[in-house]
Amino acid sequence: MDYKELLKDIHQIPLDPKGIAENLDRLLKHAKYLEQRNDIADPLARGVLDSAPSFIRKQIERLQLNLNDDADIIAWISRSLMELFFMLRYMYSSRDRYDEVVKEQLKDLKEIEEIIYPEGEPSDDAPEEVRNFHLDMEKLWQALQEYGVDRVELQKPNHAWHYAEGAELSDEYRRYWKIHSKYVHPTSYLLFGKRNFVYGDGARLFFWALAQYYGARNLRDIHKMIEAIP
């Protein structure tokens with residue numbers, strides 16, 4: 001497939017209903033194509049292909065479904081695609097960074113455990129599902145110790161800024177991330193701002209544009225990753 005048809009110039013992103021529908025169909029076509037690429041054996045590329053295209057596809061499908069919803073709904077989709085862009089660009093730069101991002105899931109699992117049973121293990125009256133989860137995690141941490149991973153030493157998960165800065169996308173983060181944050185949290189602006197401005201057509205158009213923009217950039221990057229495999 002020709003990834004050059006994916007629009008990366010934000011000024012060319014369509015904002016009319018027909019143009020958006022056609023562009024989303026195009027993005028969806030590329031996401032499904034990449035999702036089905038089973039012929040790639042390179043470990044790094046394989047890991048990205050097994051996860052990122054399906055995530056992008058789901059976001060595009062959600063955008064299609066919620067296209068005419070309020071701006072805050074569109075902002076959730078747009079920010080997810082933007083954060084994925086920062087993460088993937090960070091991962092592409094080296095194998096060590098790729099491994100770092102994959103291992104982030106261990107930090108998340110550690111935090112989930114601390115939330116479910118803050119004392120370090122389930123209470124006597126904990127549901128069976130929680131107790132089984134604890135046993136499974138104990139086995140996982142024991143196995144990971146053989147590879148030098150110590151649960152106690154795991155720090156907090158990295159934030160989007162870490163990936164944006166590492167991928168030399170700090171300006172892009174500053175330009176767009178905080179605007180999204182005004183819409184994906186119950187900010188005073190979202191709750192008490194002038195409704196016809198906060199939820200006006202301009203806000204929806206802004207997030208429409210960025211959702212399509214980051215969807216295309218992610219897909220183009222994945223295409224290029226495959227193209228660069230020796």
Could you tell me whether the side chain of [X] and the main chain of [Y] form a donor-acceptor pair under 3.5 Å?
{"X": "R220", "Y": "Y3", "answer": "yes"}
{"X": "D42", "Y": "A45", "answer": "yes"}
{"X": "R131", "Y": "S123", "answer": "yes"}
{"X": "R46", "Y": "I40", "answer": "yes"}

May I have all residue pairs that pass ring pair (Phe, Tyr, Trp, His ring centres under 6.0 Å) and include part of residues 6-59, sequence neighbours excluded? H30-H223, Y33-H223
Can you confirm whether or not the ring centre of Y163 sits under 6.0 Å from the ring centre of Y173? no
Please work out which of the three classes, parallel, tilted or perpendicular, describes the rings of H162 and Y90, given edges at 30° and 60°. tilted
Side chains of E113 and W141: is there a donor and an acceptor less than 3.5 Å apart? yes
Would you please name every residue forming a ring-ring contact (aromatic ring centres under 6.0 Å, His included) with Y214, sequence neighbours left out? F85
Face-on cation placement of R195 at Y199 ring, 6.0 Å and 45° thresholds: yes
Side-chain touch I20/N23, heavy atoms, less than 4.5 angstrom: no
Any side-chain heavy-atom pair from D221 and R89 closer than 4.5 angstrom? yes
Quick one: which of I73, L28, L27, I74 gives a side-chain contact (heavy atoms from CB on, under 4.5 Å) with L63? I74
